S.K.: 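The structure is given below, and queries will be raised subsequently.
Note that ligands are numbered from 1 as they come in the structure, with each ligand's atoms numbered from 1 the same way. Computed from a predicted model, the values in this text were never measured in an experiment.
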Amino acid sequence: MSAGDKLFGRLLNRHPSPPAQSLKPLSVLSVGLQMHLNAEGQVLHLTGPLRHLLAQQKPTAQAPLLLDFLLPHCSLVIEGSPADWQGHQLDLDFYSLSGQPLHLRGWVQPLADAWLLQLLDIGDLLLERRQSRLREQCQLLAAQIGEHLRVCSLTRLPEILTEQLQSLAQRFQIPCIALALLDEQEQGWKIHQQYASFDAPQLWQTGQRLGTGLDSLNGSAPQHLSLMEHARLQGTFGNTEGFVVPYHDAQGVAAWLLCGGWSVQRRAPDVGMIDWLQFAAALAAPVLERLREHRHHLQLERLESLQALLGTGWWEVFSDSAEVQLAPSLAGTLNLGISRLPVQAWLDQVHPADLEELRSRLQSLQDEGTPLLLCVRLHPLDNASTPAWYRLQGQALGVGKNRRLVGFMLDISDIKNQEQNAAAAHARLDNLIARSPAVIYVQRYVEGALQSTFFSDSLGPLLGWTLAECTDAALVERLHPEDRDRYFERTRQLLREGSVSSRYRLRDSRGDYHWLLDEAKLLRDDLGLPVEAVGLWLDVTEATLATERVKQSEERYRILVEDSPAMICRYRPDLTLTFGNKPLATYLECTPEQLPGVNLGSWMSPEQRKAFTQRLSQLSLEFPVSTAEINLQLPGREHAWWVWSDRGVFDQQGQLLEIQAVGRDNTEVRRSQQQLTQSAKMATLGEMATGLAHEINQPLNVMRMAIVNVLKRLSNGDAQIDYLTDKLNRIDAQLQRAARVVDHMRVFGRRSEIEDHPFNPIQAIEGTLSLLAEGMRGKGVDLRISETDFEVLVRGHVDQLEQVLINLMVNARDALLGKREGNPEFKPWIAVHAEQHEQSVRLWVEDNGGGIDHRLLERIFEPFFTTKPVGVGTGLGLSVSYGIVENMGGTLSVENATEGARFCIELPVVPPDQITR
Ligand code: ADP
């Protein structure tokens, strides 16, 4: 039974007139319509108020048929005659004067011989029924719309929303329909989604901004927009009429359903305002909810990733269950596995050092609601590395039973580590400054003056003052009187140039002065105005005093060097002097100031210079010193011999930087040595005089004999040309021989040349033999001279080597003759031979004179050592020979061979590439 039927039932109950029980003939109701019908269904009589409304379709003269009053579709209901209708409920639609059909319901009942058709108006009931049906449909539609929007996926939401708008538009023939939402960023309304039927003008675009015009409308009811009343919205509705429905939630109007170019009165008069509100809600509520949900989701996502990135996360403690819930990401970072766990398990993560404090803070958070803020260490996950630092913050929300303890944990290991590093560095710095002989100070700039505001703790140990004692006046008072000007200038320069470095003396609390190196810098603000000066005092007392001492000692050494009788100089490897003392300058006939820049080599011969630089090149870090006797050609003096000692100064790589040299003039010594050699020569000459007389006598005798014989022949008159020629040739040969001897004798009178020359040592052997051979043979000494098959050069003076050889041979001869005196059978001999070695040549002189007593072997080279009688031996021969050979870079040695002494002269050979003549 429909709602209309029920209503009708009630109505009948209120006016009980059941057809069967009350069949009284004139119990006519004063309501509705009563029709008196005959058996054929003709209307005899009409009563009741409704009869005035009836309109007869085809007015007839005789009694009209019931059918004539009814709309055609009712003919089925009244088929047959009234008797057939009895007991049925008749719903009949009558023509009415107003044009609208009149809906009546009734029944027939016999009335005497006729029938009474009793009818009541059910128009209202039907209207109500239709309306409620419409509402049901609307509700259904709204529910469907809502449902669709709620269940679809978020990505399809716009599409589904359009579909729903379309279904609404089609249902009510709305040309343009749209849902407008509040745009929070723009503070205005915006078309969220719209639909326009294909033949309608496109009033709106999705995303179109509408401004705040809609706010002027009444937000609690749907309303028709007439252009006259709502001028502000004309633009929005394209100058046509419109209809708008608000949707509001707890915050107020949140959405508008806009229907453009459409009038609700005309198109959907039956749809109630409540229905429209329902439609708007069905569309807007899920959309808003889902958008909110989406925003929430994004926010959560952002929060999650932020937490993960920061190593942070929220926590909430549930006091009743003693459990804590952690953000999943945080639980993951802490390696807890689950995100809800007993508080104890959470606290187990905390380092014992921080555990008690955290526990007590949590307690006071719970009891008194004291906000929690604590930095705690957590056990490192791998037990090896350092613990992680977390900042734990929490607060109590709500009161009583609803109190919640929530907070977050933030990984601050980085900051903590930096903090710890910085603190450690700070401590180290403090310590360093406190221990160092340095004071850091700050002076504030006040109107052109600097006022001390800070001194580092090292001030006490260094100067024994406190900051309070360091007022500016006190500072000036403590300055060394001689340094006050310097201090004031330091301040002026600091202010003028922004930085300064200065030195002055300050008195400490004991009264001792300290030399301070003051390095200061002026700091300025953004505008370039001075703010303060930051500076450093470095105690340089010791260094300053040391420098002073060095200066003094340098002065002493300088005097020593200047006044030294020795020549002292410094020069570079290219022989340029950088310094020379007075004696050197005197030798070089200039002043010491003129010496730097002069090249030492300019006083040397090319050979000397070459030898000199070669010697320098052998200096090394291991053997930095070398001594030699050098020969110089000094201005105004022919030759000077200096004993010269060089010491190389090297850098760390072993590169020779400069040479420091000390020299002494050895010329006099040299000269006397030469004189000694000369006297030795003379002595030898004297010794040889007898031999020489013999040498010269021999050819003279031969010549005299030849001349006597020639004269005899000439006087006999039988002098033949051949004979004369032969004799003259012999005389010539003897003359040549004598001349050679005499020529060679001159060697002894001559002084050796200054410079060495390369020469063949065999030349010296030959020269010696030319002097001594004849004499030796005359004395019956057998000379055994070996042939030499090589040619080498040694460096020195040929006459000096000859002298050595003569000495050796004369000594040998003396020994031999001495030995023969006691033994006339004795056959004396002297052997001379030369031997070439890789880098040297050896000359041997050996005799069979019985050798030298082994006890004397070491002494025979001493000057004036002789075994010969006074007036015979000088004891100089071997010592001078030794010196000569040594000067040539060689050695003279002796040993006893089988029959006599064997002397050996070993001389270095000049390499072919060094031969210069
Ligand atoms: P002098 O010949 O004037 O004595 P020397 O210096 O030449 O001075 O010799 C020193 C000494 O060496 C000689 O007195 C001699 O005793 C010894 N002597 C030198 N040569 C020989 C030699 N060949 N055999 C033995 N004794 C020698």
S.K.: Which heavy atom in Ile762 sits nearest to a heavy atom in Ala834, and how many Å separate them?
M.R.: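 It is CD1-CB, 3.7 Å.
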S.K.: Mind checking whether Val810 contacts ligand 1 via backbone (N, CA, C, O), side chain (CB onward), both or neither, at a 4.0 Å heavy-atom cut-off?
M.R.: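 No part of Val810 comes within reach of ligand 1.
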S.K.: Output yes when Glu554 and Lys551 qualify as a salt bridge under the 4.0 Å nitrogen-oxygen rule, no when they do not.
M.R.: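 Result for this pair is no, no salt bridge flagged.
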S.K.: Examine ligand 1 and decide if any of its atoms is less than 4.0 Å from a heavy atom belonging to Ala812.
M.R.: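 Yes; Ala812 lies near enough to ligand 1 that a heavy-atom distance drops under 4.0 Å.
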S.K.: Going by the atom numbers of ligand 1, which of them fall below 4.0 Å from some non-hydrogen atom of Thr867?
M.R.: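 Going through ligand 1 atom by atom, the ones under 4.0 Å from Thr867 are 13 (C), 14 (O), 15 (C), 16 (O).
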S.K.: Search all heavy atoms of Leu584 against all heavy atoms of Gly580 and return the closest pair with its distance.
M.R.: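 Heavy atoms of Leu584 and Gly580 come nearest at CD2-CA, 4.0 Å.
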S.K.: For the pair Lys610 and Glu607, find out whether any cationic side-chain nitrogen is under 4.0 Å from an anionic carboxylate oxygen.
M.R.: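 Looking at Glu607 together with Lys610, the answer is no, because their closest N to O distance does not fall below 4.0 Å.
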S.K.: Report yes if some N/O of Ser879 lies less than 3.5 Å from some N/O of ligand 1; otherwise report no.
M.R.: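 For ligand 1, there is no N or O atom that lies under 3.5 Å from one belonging to Ser879.
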S.K.: Could an N or O of ligand 1 be found under 3.5 Å from any N or O of Lys868, whether backbone or side chain?
M.R.: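 Right, the criterion is met.
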S.K.: What class does the angle between the rings of Tyr882 and Phe861 fall in, given that below 30° is parallel, 30 to 60° is tilted and above 60° is perpendicular?
M.R.: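 If you compare the ring of Tyr882 with that of Phe861, the planes turn out tilted.
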S.K.: Are Trp515 and Tyr504 an aromatic pair, judged by ring center distance below 6.0 Å?
M.R.: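 No; Trp515 has its ring centre 6.0 Å or more from that of Tyr504.
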S.K.: Go through ligand 1 atom by atom and flag the ones less than 4.0 Å from a non-hydrogen atom of Ile860.
M.R.: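 Those qualifying, in numeric order: 12 (O).
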S.K.: Given the ring of Phe612, does Arg609 sit roughly above its face, with NZ or CZ under 6.0 Å from the centre of the six-membered ring and within 45° of the axis?
M.R.: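 Here Arg609 fails the 6.0 Å and 45° test against Phe612.
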S.K.: Can you tell me which portion of Leu878 lies within the under-4.0 Å heavy-atom range of ligand 1? Options are side chain, backbone, both, or neither.
M.R.: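 It is both backbone and side chain that touch ligand 1.
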S.K.: Within ligand 1, which atoms have a heavy atom of Ile852 less than 4.0 Å away?
M.R.: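 Here the atoms of ligand 1 in question are 25 (C), 26 (N), 27 (C).
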S.K.: Identify, by atom number and element, the atoms of ligand 1 in contact range of Gly851, meaning under 4.0 Å from any of its heavy atoms.
M.R.: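 The list of qualifying atoms is 25 (C).
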